[in-house]
Undergrad: 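Pasting a structure below so you can have a look.
Whatever order the structure lists ligands and atoms in, that order sets their numbers, starting from 1.
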Amino acid sequence: MVKLRKNNIVLIGYMGSGKSTVGALLAKMLNFEFYDTDVMIERREQQTIDQLFESKGEEHFRELETMLIRELISSLDTSVLSTGGGMPLREQNRKLLSELGFVVYLKTSVQASVKRLRYDQTRPLLKGENLEDRVGQMLELRAPIYEATADMRIVTDLIRPKEIAEIIIKEYKKWQIS
Ligand code: S3P
């Protein structure tokens, strides 16, 4: 059977779910290149995500995400890609993420997310009061979208990054020969 998808590992999930940490580890263990869409956008725009939201707004950032993921379809293979937590929100992005390869949803509970994000100053969507309510509402909306986009999901609350990476690699290898 000819597979129309590429062989990347694509990590999706909410802010603070460990995409960057697990992604870098996966790349090291597999000897793959590692990319992070937030970092790529920041480098290109010469601004932090926070500054970009401030100066041009969220919609503009979402456009940049879609443009980037479109480009990656033609340039990326056998790499690990960590994506911003909002990347799968657009339907066109979901399709492109799936084409890029094996999509893994790093799942976190509201409580674990809040614990990890409590002192974060870099994420514009988490500024303000009532972090727990905000995270709860966002996760309620987003969890079904992450689920529907993923080939595999793994709850990251209680597992160490290395163990998560090992489990993903096992599933990725099965997926490759399926
Ligand atoms: C966002 C997640 C962030 C970043 C931006 C918006 C989101 O990435 O793209 O702040 O909408 O969930 P991380 O998931 O890497 O924090």
Undergrad: Once the angle between the rings of F102 and W175 is folded into 0 to 90°, is it parallel (under 30°), tilted (30 to 60°) or perpendicular (over 60°)?
TA: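 Tilted, since the angle between the ring planes falls between 30° and 60°.
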
Undergrad: State plainly whether the residues E71 and R44 are in salt-bridge range, i.e. N to O under 4.0 Å.
TA: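 Yes, E71 and R44 are salt-bridged.
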
Undergrad: Looking only at protein heavy atoms, identify the closest one to atom 5 (C) of ligand 1 and say how far it is in Å.
TA: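 Among all protein heavy atoms, the one nearest atom 5 (C) of ligand 1 is I49 CG2, 3.8 Å.
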
Undergrad: Who's the nearest protein heavy-atom neighbour of atom 14 (O) of ligand 1, and how far?
TA: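 Looking at atom 14 (O) of ligand 1, the protein heavy atom closest to it is K19 NZ, 2.5 Å.
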
Undergrad: Counting each atom of ligand 1 from 1 as listed, which ones have a heavy atom of P124 under 4.0 Å away?
TA: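 Within the 4.0 Å cut-off of P124, ligand 1 contributes 10 (O).
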
Undergrad: Aromatic ring centroids of Y146 and Y14 under 6.0 Å?
TA: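 No, too far apart.
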
Undergrad: Once you restrict to heavy atoms under 4.0 Å, what part of E42 touches ligand 1? Side chain, backbone, both or neither.
TA: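 Neither; nothing of E42 gets under 4.0 Å from ligand 1.
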
Undergrad: Name the residue from I169, L25, I168 that meets the side-chain contact (heavy atoms from CB on, under 4.5 Å) definition with L30.
TA: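 It is I169; the other options fail the test.
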
Undergrad: Salt bridge between K170 and E166, side-chain N to carboxylate O under 4.0 Å?
TA: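 No salt bridge links K170 with E166.
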
Undergrad: If you measure every N/O of G85 against every N/O of ligand 1, is any gap under 3.5 Å?
TA: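 N/O-N/O distance under 3.5 Å: yes.
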
Undergrad: When you measure from atom 11 (O) of ligand 1 to each heavy atom in M87, M138, R62, which option holds the nearest one?
TA: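 The nearest heavy atom belongs to R62.
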
Undergrad: Does a side-chain N-to-carboxylate-O contact under 4.0 Å join R90 and E59?
TA: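 Salt bridge present between R90 and E59.
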
Undergrad: Counting only nitrogen or oxygen atoms and a 3.5 angstrom limit, does R123 reach ligand 1?
TA: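 Min N/O separation from ligand 1 is below 3.5 Å for R123.
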
Undergrad: Mind checking whether L89 contacts ligand 1 via backbone (N, CA, C, O), side chain (CB onward), both or neither, at a 4.0 Å heavy-atom cut-off?
TA: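 No part of L89 comes within reach of ligand 1.
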
Undergrad: Below 3.5 Å, N or O to N or O, backbone or side chain included: is there any such pair between Y14 and ligand 1?
TA: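 No; the residue has no nitrogen or oxygen that sits under 3.5 Å from a nitrogen or oxygen of the ligand.
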
Undergrad: Looking only at protein heavy atoms, which one is nearest to atom 12 (O) of ligand 1, and how far off is it?
TA: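 Scanning the protein heavy atoms, the shortest distance from atom 12 (O) of ligand 1 goes to R142 NH1, 2.6 Å.
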
Undergrad: Can K95 and E99 be counted as an ion pair, charged N to O under 4.0 angstrom?
TA: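 Yes, K95 and E99 are salt-bridged.
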
Undergrad: Quick check on contacts: which atoms of ligand 1 are under 4.0 angstrom from a heavy atom of F61?
TA: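 In order of number, 9 (O).
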
Undergrad: Output yes when D38 and K19 qualify as a salt bridge under the 4.0 Å nitrogen-oxygen rule, no when they do not.
TA: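 The answer is no: the pair does not qualify as a salt bridge.
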
Undergrad: From the options D38, T83, D36, D50, select the one whose nearest heavy atom is closest to atom 3 (C) of ligand 1.
TA: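 The nearest heavy atom belongs to D38.
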
